[in-house]
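The structure under discussion appears below in the form of structure tokens.
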2 protein chains.
Amino acid sequence: MASEQKSPLTQKRIVHAALAVADRDGIHSISMRTLATALDAGTMSLYNHIRNKDELIDAMVEDIAATIERPEPGADWKQGVRQIAVSTRTVLHRHPWAVEVWSARIPGPQRWTLMEAILDQLASAGLPDDLTDLGLHAVLNHVLGHTRQELAAVRSNPGTHVQDLAAELDAERFPHVIDHLRYHAEDHPTHDSFLFVLDLILDRLDGMARRHGTGTAH
Amino acid sequence: MASEQKSPLTQKRIVHAALAVADRDGIHSISMRTLATALDAGTMSLYNHIRNKDELIDAMVEDIAATIERPEPGADWKQGVRQIAVSTRTVLHRHPWAVEVWSARIPGPQRWTLMEAILDQLASAGLPDDLTDLGLHAVLNHVLGHTRQELAAVRSNPGTHVQDLAAELDAERFPHVIDHLRYHAEDHPTHDSFLFVLDLILDRLDGMARRHGTGTAH
DNA sequence: ACCTGAACACCGTTCAAGT
DNA sequence: ACCTGAACACCGTTCAAGT
């Protein structure tokens, strides 16, 4: 107790401490001062390992992007894309603050690697350039959009839940919206809409690839 | 010149001034102090018309959401949804900071009205509840995802362009990503991918509605 | 009812000084 | 090379005092 050894600051320790804070209290709770205190260091010491706060947040996103599972090289392309999509969703659920930052900032190497993997799978399906582009965006928009939407009620306003939102709306003006919110408040265990739509997209791309491969369309 | 009359502060004047600043310099450039100065008022005067900064930003989003065109009541449902989607994209391009805030915060009346309109159109197509839900998210994810992606290069880092990103990447590790970025840097006037995918989604929903209507599937 | 300055409790970051 | 306190130039917002 008397001989506590302060472990040295590293960019890794700083990023991990920041992740712990963000996962618990949200990205808004991170300040250089509180983060330094949590690490038992002077505020300015952090700047020996990180250029500024923006780059810290980029490093946090890269760190969690690295935990997304990639398919082994020989895998079927549909299974490959599916695995990346499912794992991305799982990881984003583990870090509820991350989905907003994900779309808002320019990717780093880890995220480029993920995009490269998806594009590689789509290319191996035999899709031409324009349909590969279409497929990448369809998959990414679905994964990020669906996950964002799942996390929205929980995250944005900690007190707010989907049911409460529906209760506040005027039933005369927003009947469909209220139905829709109620629908989302229920559990739908029979088919997970995330996987349902994901497979819809993948099957559609598969069909396009086959049509292209057999030379039916240009 | 000697008899300048200060027009009184209103929530509308404050929101419009904030929109002008955000459209020119980004949402980050808005502070209560600079905004008050722009309005030739004391900082704390703003708080007589707006509860806090978060509600100001919500009010800004609501203000631009109100400018999105809605279809006239009798319109064909596909044309109706299409018009809302196209107009949303146009409006978000006019306010490049808005697409991030859009997904991050809980909707207000204007945005609920838009969702109500889309859901109403989808219901009039004869889609059952679960496919209406699927259709709403497909349309919203596409509109927001595509628009975000169009704006990303321009907005996030004012100096960065898509071509520069591609030039910085290691050609050995990211061949597909580089191709993809180059593809996006080109103009593709022959078919706008926004409309192409939008119509793909709408046609798909139409097909589902017809199959459901004729009782072929449950 | 609306306006506002002072004050409080914070920020991120530069710089110079330490070891 | 790494650490750090002081200082600078900001924040959003509460409160009390004005009209």
Kindly point out which of D:dT13, C:dG12, C:dT4 is positioned nearest to the side chain of A:S31? C:dG12
B:D199 bridged to B:K78 by N-O distance under 4.0 Å: no
Is any side-chain N of the basic residue among A:D63 and A:K12 closer than 4.0 Å to the acidic one's carboxylate O? no
Whole-Å distance, B:M32 CE to C:dC3 P, equals 13 Å
Please report the distance, rounded to the nearest Å, between CG in A:N48 and P in C:dC15. 15 Å
For C:dA1, does OP1 or OP2 lie under 4.0 Å from any side-chain N or O of B:H49? no
For C:dA9 and D:dA9, measure between their P atoms and round to the nearest Å. 23 Å
Starting at atom NE2 of B:H28, determine the distance to atom P of D:dC10, rounded to an integer number of angstrom. 16 Å
Protein-nucleotide distance (B:Y47, atom OH; D:dT14, atom P), rounded to Å: 7 Å
pair_partner(C:dC8), Watson-Crick or wobble, both distances < 3.5 Å, evaluates to D:dG12
Can you tell me the pairing partner of D:dA1 across any strand shown, Watson-Crick or G-U wobble, with both distances under 3.5 angstrom? C:dT19
note: B:L39, atom CG; C:dC2, atom P; distance rounded to Å ~ 16 Å
What is the separation between atom CD on A:Q11 and atom P on D:dC2, rounded to the nearest whole Å? 12 Å
Could you check how far CD1 of B:I30 sits from C1' of D:dG12, rounded to whole Å? 14 Å
For atom CG of A:D54 and atom C1' of C:dC11, their distance in whole Å: 14 Å
A:R51 atom CZ: more than 12 heavy-atom contacts under 6.0 Å: no
Check every strand shown and say whether B:S45 touches a base, only sugar-phosphate, or nothing at a heavy-atom separation below 4.0 Å. base
Taking the minimum atom-to-atom distance to the side chain of B:M44, which one of D:dT14, D:dG12, C:dG12 wins? D:dT14
From D:dC3, C:dC3, C:dG12, pick the nucleotide closest to the side chain of A:R33? C:dG12
Looking at B:E62 and B:R111, is any side-chain nitrogen of the basic one under 4.0 Å from a carboxylate oxygen of the acidic one? no
On DNA chain D, does the nearest nucleotide to A:L9 precede the nearest nucleotide to B:N52 from the 5' side, or the other way round? Give the residue. A:L9
Just to be sure I understand the rule, does A:T10 reach a base, reach only the sugar-phosphate, or reach nothing, if contact means heavy atoms closer than 4.0 Å? nothing
Name the residue from A:H142, A:H146, A:H184 that meets the ring-ring contact (aromatic ring centres under 6.0 Å, His included) definition with B:H137. A:H184
